[in-house]
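Worksheet for the structure shown next.
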Amino acid sequence: MLSKDLSEDEKLKIIETEYHIPIEGKTRKDVNIMRNLSQGIKEEVKAIIEGKELALFNPPKL
């Protein structure tokens with residue numbers, strides 16, 4: 001389920017078939033929202049890390 005090789009639809013199909021959890025329209029929409037949120041968090045963290053690296057190599061002039 002955590003594999004980057006599987007598409008969102010493939011993962012949802014696994015949830016339906018292997019875990020017998022029905023996936024309806026609202027659930028699909030909610031999963032898509034969570035995926036977008038996690039991607040945004042990942043990008044924010046990356047920007048923070050890059051910003052800190054830049055600050056280490058280019059300290060502000062006082």
Side-chain angles (χ1 to χ4, degrees):
M1 294 303 299
L2 300 175
S3 171
K4 293 181 182 179
D5 296 332
L6 295 175
S7 72
E8 181 179 325
D9 286 333
E10 289 171 318
K11 291 176 184 181
L12 292 174
K13 190 69 172 173
I14 290 170
I15 291 171
E16 285 183 307
T17 57
E18 292 185 20
Y19 299 101
H20 309 289
I21 299 172
I23 303 295
E24 299 170 359
K26 181 169 178 5
T27 305
R28 282 189 185 274
K29 184 178 177 182
D30 292 344
V31 168
N32 190 37
I33 289 169
M34 287 187 291
R35 183 182 56 81
N36 290 338
L37 288 172
S38 66
Q39 182 63 32
I41 291 169
K42 179 180 171 183
E43 290 171 7
E44 292 260 345
V45 168
K46 183 178 178 183
I48 290 168
I49 290 169
E50 289 173 356
K52 286 184 179 179
E53 287 176 356
L54 290 174
L56 289 174
F57 293 113
N58 300 312
K61 295 178 182 172
L62 300 174

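In what follows, every heavy atom counts, from backbone to side chain, and hydrogens, waters and symmetry copies are set aside.
- The CE atom of Met34 sits 15.0 Å away from the CD atom of Gln39 when rounded to the nearest 0.5 Å.
- Residue Glu24 holds its CD atom at 9.0 Å from CD of Glu16, rounded to the nearest 0.5 Å.
- Nearest heavy atoms, Leu12 versus Ile23: O-CG1, 3.8 Å.
- Between Lys13 and Asp9 there is no salt bridge, since no side-chain nitrogen of the basic residue lies less than 4.0 Å from a carboxylate oxygen of the acidic one.
- For Glu44, the CD atom counts as loosely surrounded, since its 6.0 Å shell holds 12 or fewer non-hydrogen atoms of other residues, nucleotides or ligands.
- Atom CG in Asn36 sits 4.5 Å away from atom CG in Asn32 (nearest 0.5 Å).
- Looking at Glu10, its side chain does come within 3.5 Å of a backbone N or O of Ser7 through a donor-acceptor pair.
- Here the straight-line distance linking atom CG of Asp30 with atom CZ of Arg35 works out to 13.0 Å at 0.5 Å rounding.
- Between Arg28 and Glu8 the shortest heavy-atom distance is O-OE2, 4.1 Å.
- Between Thr27 and Ile21 there is no side-chain heavy-atom pair separated by less than 4.5 Å.
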